[in-house]
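What you see below is based on every heavy atom in this structure, not just the backbone, and it leaves out hydrogens, waters and symmetry mates.
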Amino acid sequence: MEFGEIHVNEPSLCIENVTPYEDEKERASNCYVMSLVAVMIGLPMPIINLLATGIFYLMSRRGTFFVRWNALQALVSQVPLFIMNNILFWWTIRILFCYTELSSAYIAYFITVNLYNVYDFVETVRSAVATRKGKVHRWYLYSTITDKICKR
């Protein structure tokens with residue numbers, strides 16, 4: 001392989017070559033929509049969204065490749081979000097109960113986590129819409145991880 005030559009990973013080609021049926025589009029889109037609903041319901045507790053997405057993936061893991069791949073991508077995207085939100089949640093609790101002082105590091109982390117949450121929200125909506133149309137919306141970094149985990 002020459003320097004600068006791009007090596008195409010075989011699993012990433014698989015999801016683009018899938019032509020889903022109407023019910024598959026709906027189920028795959030629902031995994032992203034369900035993720036949004038779980039955020040709205042369990043906003044103060046970050047574990048709610050991860051659990052809801054994980055349960056949906058477990059219910060979809062024996063489904064078609066299109067549904068399974070999208071459910072896994074939704075789950076993979078929730079793991080870093082859960083970790084970041086969990087840290088922010090407990091850091092905020094420590095500040096509220098006067099165990100820790102409010103600092104510029106907390107404010108910077110708060111802004112960063114909220115920007116990441118906005119990014120996740122936008123990408124989730126884009127994924128839900130694209131998937132409902134039968135297209136694949138590949139998230140930066142998460143789709144590569146999903147390709148490595150999800151096999152046909």
Side-chain angles (χ1 to χ4, degrees), residues 6 9 11-16 18 20 22-151:
I6 297 174
N9 191 2
S12 67
L13 292 175
C14 292
I15 191 65
E16 279 82 11
V18 172
E22 194 62 32
D23 64 321
E24 293 176 300
K25 294 177 192 177
E26 184 177 348
R27 281 186 284 150
S29 179
N30 285 345
C31 69
Y32 296 109
V33 172
M34 188 274 320
S35 171
L36 292 174
V37 170
V39 166
M40 292 175 203
I41 292 171
L43 196 57
M45 294 300 293
I47 191 74
I48 302 293
N49 196 19
L50 184 64
L51 284 174
T53 309
I55 290 168
F56 194 89
Y57 169 71
L58 290 175
M59 291 173 22
S60 303
R61 70 179 174 189
R62 298 196 193 276
T64 63
F65 181 68
F66 185 77
V67 174
R68 192 173 65 244
W69 190 91
N70 281 288
L72 185 59
Q73 179 173 253
L75 178 60
V76 167
S77 72
Q78 293 306 311
V79 172
L81 190 68
F82 165 72
I83 293 168
M84 292 173 72
N85 285 340
N86 203 23
I87 291 169
L88 181 64
F89 176 79
W90 289 110
W91 197 350
T92 303
I93 293 297
R94 289 183 58 84
I95 289 171
L96 289 175
F97 289 104
C98 301
Y99 294 116
T100 307
E101 291 184 14
L102 182 66
S103 64
S104 57
Y106 172 80
I107 294 169
Y109 188 75
F110 181 85
I111 292 169
T112 302
V113 169
N114 281 301
L115 287 173
Y116 186 75
N117 276 290
V118 168
Y119 164 75
D120 184 82
F121 180 80
V122 169
E123 288 298 304
T124 301
V125 170
R126 289 179 64 203
S127 295
V129 171
T131 305
R132 187 66 180 106
K133 294 177 182 177
K135 299 177 184 171
V136 176
H137 180 73
R138 299 178 64 82
W139 290 37
Y140 177 72
L141 182 65
Y142 300 141
S143 62
T144 306
I145 295 169
T146 304
D147 288 339
K148 300 273 187 218
I149 298 171
C150 192
K151 302 292 182 208

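- A search for salt bridge (charged side-chain N to carboxylate O under 4.0 Å, His left out) contacts involving R126 returns E123, not counting sequence neighbours.
- Note: N85 CG to D120 CG = 8.5 Å, rounded to the nearest 0.5 Å.
- A distance of 11.0 Å separates CG of L72 from OG of S143, quoted to the nearest 0.5 Å.
- In this structure, I145 CD1 and L75 CG are separated by 11.0 Å, a value rounded to the nearest 0.5 Å.
- Listed by first then second residue, pairs satisfying salt bridge (charged side-chain N to carboxylate O under 4.0 Å, His left out) with a partner in residues 55-83 number zero, not counting sequence neighbours.
- Side-chain contact check for I47 versus N86: every heavy-atom pair is 4.5 Å or farther apart.
- Looking only at side-chain heavy atoms (C-beta outward), F110 and L88 come within less than 4.5 Å of each other.
- Within the structure, side chain to side chain donor-acceptor pair (under 3.5 Å) contacts touching residues 29-39 (residues at least two apart or in different chains) are Y32-N70, Y32-Q73, S35-Q78.
- You'll find the side chain of T124 reaches within 4.5 Å of the side chain of W139, heavy atoms only.
- Side-chain atoms of V129 and H137, non-hydrogen and from C-beta on, never get closer than 4.5 Å to each other.
- The side-chain hydrogen bond (donor to acceptor under 3.5 Å, both in side chains) test applied to N114 returns no partner, not counting sequence neighbours.
- Shown here are the ring-ring contact (aromatic ring centres under 6.0 Å, His included) partners of Y106, two or more places apart in sequence or in another chain: W91.
- Taking OG1 from T53 and CD1 from I48, the interatomic distance works out to 11.0 Å, rounded to the nearest 0.5 Å.
- Between F89 and I93 there is a side-chain heavy-atom pair separated by less than 4.5 Å.
- To the nearest 0.5 Å, atoms OG (S77) and CG (L141) are separated by 11.0 Å.
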Quick one: do R138 and D147 satisfy side chain to side chain contact (heavy atoms under 4.5 Å, CB included)? Show the steps, please.
CA-CA 10 Å; R138 299 178 64 82; D147 288 339; 2.4 Å; yes
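- Judged as a salt bridge (charged side-chain N to carboxylate O under 4.0 Å, His left out), the pairs with a partner in residues 23-37 (not counting sequence neighbours) are, in order, E22-K25, D23-R27.
- Rounding to the nearest 0.5 Å gives a distance of 11.5 Å between CD1 of I107 and OG1 of T112.
- Of all non-hydrogen atoms in A28 and T131, the two that sit nearest each other are CB-CG2, 3.1 Å.
- F56 and M34 get closest at one heavy-atom pair: CB-CE, 3.6 Å.
- Classified by interplanar angle (parallel below 30°, tilted 30° to 60°, perpendicular above 60°), the ring pair F97/Y99 is tilted.
- Within 6.0 Å of CZ in F121 there are 12 or fewer heavy atoms belonging to other residues, nucleotides or ligands.
- Here the side chains of T64 and W69 are not in contact, with every heavy-atom distance at 4.5 Å or above.
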